[in-house]
Amino acid sequence: MIEGKGNRESNDANPRVRFAPSPTGRLHLGSARTALFNWLFARGSVGTMVLRFEDTDRERSRVEYEKDILDSLKWMGIDWDEGPDVGGEFGPYRQSERLPLYREYAEKLYEAGIAYRCFCAPEEIQRRKEETIRKGISWRYDRRCLTLDDASVRRFEEEKRPYALRFKVPEMSVKVVDLLRGVVQVDSSEIDDFIIMRSDGSAGFHLAVVVDDITMNITHVIRGDDHLTNAVRHVMLFEAFGAKPPVFVHHSLLMGPDGAKLSKRHGATSVSEFREQGYLPQALVNYLALLSWSPGDEREIFTLNDLVREFRIDNLSASKAIFDFDKLNWLNRQHVKLLSSEELADAVIPFIESANLFEILNLPREKLIIAVESVRNNIEKLTDAIEPIRIYTAKPGDFSSKALEELKRSPDVRRALEICIDILGTEREADESAAEKIVEGMRESAALKDWKPKRILWPFRLAVTGSTVGPDLKFLIMFWGPAGCAERIRATLKVLDNLGI
RNA sequence: GGCGCAUUCGUCUAGUCAGGUCCAGGACGCCGCCCUCUCAAGGCGGUAACAGGGGUUCAAAUCCCCUAUGCGCCA
């Protein structure tokens, strides 16, 4: 055993957690869920959230992905106390900048005799591995270099043959303490001597992770279930460094509808894609939390603050979670309902912009808010607002062929429309209650003539909007104003004149 | 191939640790009805599950064992 820096200043009351993504792609939904669990756990107590980039794969790591990850987390409402952008006393927070540390720690193991040089060429290992597997035997490194004689070592050194450093796995029963799965025990004979420093001088994944978690004083490691068996290696390393292993939480993985790991072929997989498709961050976060977590009662709609208050990490379900777009859509709708008219308009505006709907964008703000509010019930994703809102760009007297058909077919259509004009009056503006009163007035006139309301209301909609579908009538009156609506109806009557109706 | 983890309606889950209150509750989806000027939204109702097999027990979704399947790691 080696004396390490494993003295944890923090404890369960002040946990230190980390989210450690690889910047090799946009923030994946599965990673976002891991980040959320870490964050909720930290914020639910007086904890510290650390962000660390595991960018040792220089080939595939990109700064633009780092930016996407940072932006996506912020968009979801997740923040961090230490990280590559904000710094902190345990930095640097990129693995690519921590190589000297890994070397130092690897060296300690080598000097203590619990790591050894392995001169086997990677291609040679690969060849032996394939051969072993072909025989149906499970592959484990054969420790050929553990027992090299001095002469061979000297020869290799003279040849300047590159070597990797392997961890000499001790004989022991390894216990991984996991909050969701209890104590997972594995006999170390199942584990082969893994590489801690590669022959190209870079650090092995397991070493880097453990050294970082030790030196960053991480108390709780919350990550995907795919690392559960890796945790066995990690625990051995922690102990080799004389450090106390953290508490582990290996949460279930996120799967696609077919049960395979959620990936591109299932559709959108990155947080930024969901953002572009018109999902609200509140809804996405709510949904991600609800996959695997439940408050124990029947509530389902949660804000971030609710979640911080109620979330318990040990309440997570241990079984896999299949991503269900339908439920996410429903939740998004629920969160759309919770927005004020102003908030909804602000959320939708970027999408109106990308649709180049300038006629809507250039509207006075109060009209724009009415327009957006009027299509609220048609919105599942924010992009859904675009089509219905186009109704407000219709020119008076323009009709869809279907609307014109309906108009022709309506009994006493001229009479009905004249009644509408009468009731609308000459006011230029109407607030909600005034608009409702006007619609009520139309109903009453219908009743007076012993007509069904439809005989007046339907022609009114058709005449004003030129369409058979659209928002509640009161919004039309609020948007164009009573006089404006009357004007549009007159335009319709002219069209009917020309058609001889 | 070895090892590990998991398994309640199609999906997410409650219930499992402390066995009876569960012929299993909620939600999404789907279906139907109601409301309704349209599309929606909303209201009401319906559909549907303890992976299989053995135990233990007066009693098991809950405890034990085996099998199967899925997923993961070694890769």
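Note on naming: letters A, B, ... go to the chains in the order of the sequence lines (proteins, then strands), and numbering restarts at 1 for each one. No hydrogens, no waters, no symmetry mates; every other heavy atom, side chains included, goes into these values.
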Under a 3.5 Å cut-off for both contacts, is [N] paired Watson-Crick or G-U wobble with anything, and if yes, with which nucleotide?
| N | result |
| --- | --- |
| B/rA18 | none |
| B/rA61 | none |
| B/rG72 | B/rC3 |
| B/rA27 | B/rU11 |
| B/rG32 | B/rC44 |

[N] to [M] separation - [atom1] atoms, rounded to the nearest Å:
| N | M | atom1 | result |
| --- | --- | --- | --- |
| B/rU67 | B/rC28 | P | 40 Å |
| B/rU8 | B/rA27 | C1' | 15 Å |
| B/rA61 | B/rG54 | P | 14 Å |
| B/rA24 | B/rU62 | P | 15 Å |
| B/rA60 | B/rC17 | P | 14 Å |
| B/rA59 | B/rU7 | P | 26 Å |
| B/rU16 | B/rC64 | P | 14 Å |
| B/rC9 | B/rA49 | P | 9 Å |

Output a table of nitrogen or oxygen pairs between the protein and nucleotides 13-22 of chain B separated by less than 3.5 Å.
from   : atom 1 : to     : atom 2 : distance (Å)
B/rU13 : OP1    : A/S292 : N      : 2.6

(message) Of the options B/rA41, B/rC74, B/rG4, whose atoms approach the side-chain atoms of A/N377 most closely?
(response)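 For the A/N377 side chain, the nearest candidate turns out to be B/rA41.
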Can you tell me the distance, in whole Å, between the [atom1] atom of [X] and the [atom2] atom of [N]?
| X | N | atom1 | atom2 | answer |
| --- | --- | --- | --- | --- |
| A/D193 | B/rC74 | CG | C1' | 13 Å |
| A/D225 | B/rC5 | CG | P | 10 Å |
| A/L180 | B/rC71 | CG | P | 21 Å |
| A/R233 | B/rG72 | CZ | C1' | 12 Å |
| A/H227 | B/rA75 | NE2 | P | 13 Å |
| A/R223 | B/rC5 | CZ | C1' | 14 Å |
| A/I195 | B/rC74 | CD1 | C1' | 13 Å |
| A/M236 | B/rC74 | CE | P | 13 Å |

Under 4.0 Å, counting only non-hydrogen atoms across every strand here, what does [X] touch: a base, just sugar-phosphate, or nothing?
| X | value |
| --- | --- |
| A/K452 | nothing |
| A/M255 | sugar-phosphate |
| A/R333 | sugar-phosphate |

Give the ring-plane orientation class for [X] versus [Y], where under 30° counts as parallel, over 60° as perpendicular and anything between as tilted.
| X | Y | result |
| --- | --- | --- |
| A/F274 | A/F325 | parallel |
| A/H251 | A/F37 | perpendicular |
| A/H220 | A/F41 | tilted |

Pair [X] + [Y], salt bridge at N-O below 4.0 Å:
| X | Y | answer |
| --- | --- | --- |
| A/R309 | A/D306 | yes |
| A/D200 | A/R58 | no |
| A/E405 | A/K402 | no |

If I compare all heavy atoms of [X] with all of [Y], which pair ends up nearest, and what's the gap?
| X | Y | value |
| --- | --- | --- |
| A/A394 | A/T465 | CB-O, 3.9 Å |
| A/M478 | A/E432 | SD-CA, 3.7 Å |
| A/E373 | A/S341 | OE1-OG, 2.7 Å |
| A/V174 | A/V235 | CG1-CG1, 3.7 Å |
| A/D384 | A/E380 | OD2-N, 3.0 Å |

(message) Is the terminal nitrogen or CZ of A/R117 (NZ for Lys, CZ for Arg) located under 6.0 angstrom from the six-membered ring centre of A/Y163 and within 45° of that ring's axis?
(response)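 Relative to the ring axis of A/Y163, which defines the angle, A/R117 lies inside both limits.
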(request) Quick one: pull up CD1 in A/I301 and CG in A/L338 and give me the separation to the nearest 0.5 Å. (result)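 Separation between the atoms: 7.0 Å.
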With the criterion being N/O to N/O and under 3.5 Å, what pairs connect the protein with nucleotides 60-62 of chain B, and how long is each?
none

Can you name the atoms? Protein N/O to nucleotides 34-38 of chain B N/O, anything below 3.5 Å, with the distance.
from   : atom 1 : to     : atom 2 : distance (Å)
B/rC37 : OP1    : A/R443 : NH2    : 2.2
B/rC37 : O2     : A/R461 : NE     : 2.7
B/rC37 : N3     : A/R461 : NH2    : 3.0
B/rC37 : N4     : A/L473 : N      : 3.1
B/rU38 : O2'    : A/T468 : O      : 3.0
B/rU38 : O2     : A/G470 : N      : 2.7
B/rU38 : O2     : A/G470 : O      : 3.1
B/rU38 : N3     : A/R461 : NH2    : 3.0
B/rU38 : N3     : A/G470 : O      : 2.7
B/rU38 : O4     : A/R461 : NH2    : 3.1

(request) Would you tell me whether A/S189 and A/D187 have side-chain atoms, one donor and one acceptor, within less than 3.5 Å of each other? (result) yes
(request) Could you list the residues that satisfy side chain to side chain donor-acceptor pair (under 3.5 Å) with A/E298, not counting sequence neighbours? (result)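 A/E298 satisfies side chain to side chain donor-acceptor pair (under 3.5 Å) with no residue once adjacent residues are dropped.
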(message) Need to verify one output field. Residue with the more 5' nearest nucleotide on RNA chain B, A/H206 or A/I379?
(response) A/I379
Protein-nucleotides 25-30 of chain B N/O pairs closer than 3.5 Å?
from   : atom 1 : to     : atom 2 : distance (Å)
B/rG25 : O2'    : A/E298 : OE2    : 3.2
B/rG26 : O4'    : A/E298 : OE2    : 3.2
B/rA27 : O4'    : A/E300 : OE1    : 3.2
B/rA27 : O2'    : A/E300 : OE1    : 2.3
B/rA27 : O2'    : A/K327 : NZ     : 2.7
B/rA27 : N3     : A/K327 : NZ     : 3.4
B/rC28 : OP1    : A/W330 : NE1    : 3.4
B/rC28 : O2'    : A/K327 : N      : 3.2

(request) Sort and list the pairs that fulfil ring-ring contact (aromatic ring centres under 6.0 Å, His included) and have at least one residue in residues 375-420 of chain A, not counting sequence neighbours. (result) A/Y392-A/F479, A/Y392-A/W480
